[in-house]
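Heads up, the thing below is written out as structure tokens.
The structure displayed is predicted, hence computed values, not measured ones. Here is how names work: the chains are called A, B, and so on, in the same order as the sequence lines, proteins then strands, and each is numbered from 1.
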Amino acid sequence: MNKYLKEQVLRSSGANVLKCMRCGKCSATCPSYDEMEYHPHQFVYMVEKGDIETLMKSESIYKCLTCFACVDRCPRGVEPAKVVEAVRLAAERQQGGDRLVPTDIPELLDDELPQQAIVTAFRKYTK
Amino acid sequence: MQRIGVFVCHCGTNIAATVDVKAVAEALSHEPGVVVSQDYQYMCSESGQNLVKDAIKEHKLTGIVICSCSPRMHENTFRKAAAAAGLNPYLVEIANVREQCSWIHKDIATATDKAVILGKAAVAKVHLNAPLTSMESPVVKRALVIGGGIAGIQTALDIAEAGFDVDIVEKQPTIGGKMAQIDKTFPTLDCAACILTPKMVEAAQNEKIHIHSFSEVTDVKGFVGNFTVTIKKKARYVDETKCTGCGLCTEKCPMKKVPNEFNMGLDNRTAIYIPFAQAVPKVATIDPNYCLMMKTGKCGVCSKMCSVGAIDYKQQDQLIEEKYGAIVVATGFNPIKLDKFDEFAYSHSPDVVTSLELERLMNAAGPNGGTLLRPSDKKHPHTIVFVQCVGSRCDDEKGKPYCSKICCMYTAKHAMLIREKYPDTEVYVFYIDVRTPGKNFDEFYRRAVEQYNVHYIKGMVGKVTPKSDGQLDVQASDLLANEQLHINADMVVLAAAIEPDKTARPLATMLTTQMDTNDFFTEAHPKLRPVESATAGIFLSGACQGPKDIPETVAQASAAAAKAIGLLCKNSITCNPCVAQSDELMCNGCSSCEKVCPYGAITYTDKEFRMPDRTTAIRRVASVNPAVCQGCGACTVACPSGAMDLKGFSNSQIMAEVDAICK
């Protein structure tokens, strides 16, 4: 239980994880479900427990598409995608936490990939 | 000279833990007129009341101030105690130092200060209290039940049984309500119609019960024991007194494409119709929106067919006025609309149905004659997915914040009935929690799992996608296995949340009763007065007060009947003497009070007055009917000349309280 991290995630997400009634509709609706080690409902529950470091180490934080289907369908207004995003931010804000560094970009470039995608990824995966 | 007694209650630790009760008693003992001031652990107890009674006699008290809980709780208790000791009960004042003081403050010093101030205000008021005497008002020995579902029917039967006349007003062409649409009932699985229709017939045949079907309440006036209600009997274009319910007209009607609301629009009916075979009253009704004769003037088949000449295309709505002593509200519920839940594809696929639609699909009198078939292709479904809590327990504007209570049980019932009748059909139930409190209820649910092998999966359905092969892809989470599932289903059944009927809110306004934010009627006390509304003479029966299953509804219906009978048994009731009165010499006849009076208690009369110069003049002045006035005080605020005053809460008394608080 990392109280400081929990508070940071709760504050930056603006979500109230205590509203969750554990129905699992977020995970039922998630298109990235199979890609994720921890699923949206687990993010909500683990943040409530304060088990945030485990989530920060997981690849799951980069698998969320931020499509907000879970936010739209959550019957309790918990906003799981914002919780995932807040955990991702917590990971990236650590020293050397950037998922993407500028020197990696030339290698990623190909003609098919829209530049917009790189800009978006850069914004999403760095502090 | 006033002799006032002050009594400060500890309420155990409810008050005493936050308010220094001894200090309050001491402070108030120095107030003018106070001759005795003491504290006691439980003022409401018998010994506490005796303390008051003894003090009245010993100190010859002329007024009493009790610093205790809310007057809504124990004002009556202390008024009775005062009366028993020979003091007029309206010389008792309550200072609410519990709800308005100890319960809302944490700091003892502030709470004590506030308690003293509230006590001083009460002392200042009691100085000006005058002895009041209650009047008696007669009780009309007839009850009105609004809504003719199982709740209304049971209430009416019980009131009739006690020997009182009772009218049922039902907006549909037949009584029966939702229970008439249900196939089987949990937890016994007996057929709903088999137990309901005998009660409907009993109600129709009971000479004390008068059914106004296809009717609505449009106006309510008056007060407990003496309500005047206007009922609109909607034109059904068939003479109820002549129609024999033979049904020939419904067979011959050429307009056969009208969505059948009794079968939830799953099949069609004719423009002239009888909702179902056991309808009460069994009388045909013409739907003017579809009737060819009424729309085009060409047809008249039903009129030609009717051997008794009951058809009357020119019939008009009819208003009738009736007097009642008691009113029971039994307006019931409806499933919510699911247009905000696109993810379940309810509006995209006919094979996604609500639970009430499934009841009709499985009912022998339903669109498929009791054989469960997929609505889209009328084929036998092999996989059925049930989704629980659709719109219930929602914290957003899409649904309702409460648990609809009945869905867990009826879904277990549906699952079991399907597995019993079609063992080759796999049934999945997605649940968040299975809530089955009730006699034999959890055993019933366990039977679905253990005996009928219904697959209960802890999780929720996220998305239902109709596929090109006609099946439905159900994407859901299985929380215990921690996996996302895809189920190929033939049908999906949604347990839609239930909400109060839309007619409830305007009715509550007419009855001046309270509702909660979900439009359920509010009971007078959530634990101790569950079937009475806060408005005297208005009682609550069934799901209009909150989600309920049939056994609970029937129990509450009988309880509401018992309360109504208790009122009807009295020849007269004691009226609240705290009513408005107009000082005719000050009244300028402006009608402000008449306009704001919600009870219609104020009338204007022309009266002859002697003027200072010994002439006489006719002036228009207000007068209050004390039997109708409920003492709300609206008129006293509206009166520009200060002529209107409320007994027991006079302007001077209120000002004395304010002065005491501000001192």
(request) Would you list the pairs meeting side-chain hydrogen bond (donor to acceptor under 3.5 Å, both in side chains) in which at least one residue belongs to residues 95-118 of chain A, sequence neighbours left out? (result) E59(A)-R99(A)
(message) Tell me which pairs pass side-chain hydrogen bond (donor to acceptor under 3.5 Å, both in side chains) where either residue lies in residues 1-10 of chain A, with sequence neighbours left out.
(response) N2(A)-E53(A)
(message) Cation-pi check for F333(B) against K178(B): NZ or CZ below 6.0 Å from the six-membered ring centre and within 45 degrees of the axis, yes or no?
(response) yes
(request) Check whether N482(B) gets within reach of chain A through its side chain, its backbone, both or neither, counting any heavy atom under 4.5 Å. (result) both
(message) Shorter than 4.5 Å, heavy atoms on both sides: which option in Q388(B), E483(B), K458(B), K463(B) has the most such pairs with chain A?
(response) E483(B)
(request) Sort out for me which of C23(A), A28(A), G24(A) touches chain B most, counting heavy-atom pairs under 4.5 Å. (result) A28(A)
(message) Would you say the rings of Y428(B) and Y456(B) are close, in the sense that their centroids are separated by under 6.0 Å?
(response) no
(message) Is C74(A) in contact with chain B via its backbone, its side chain, both, or neither, using a 4.5 Å heavy-atom distance?
(response) backbone
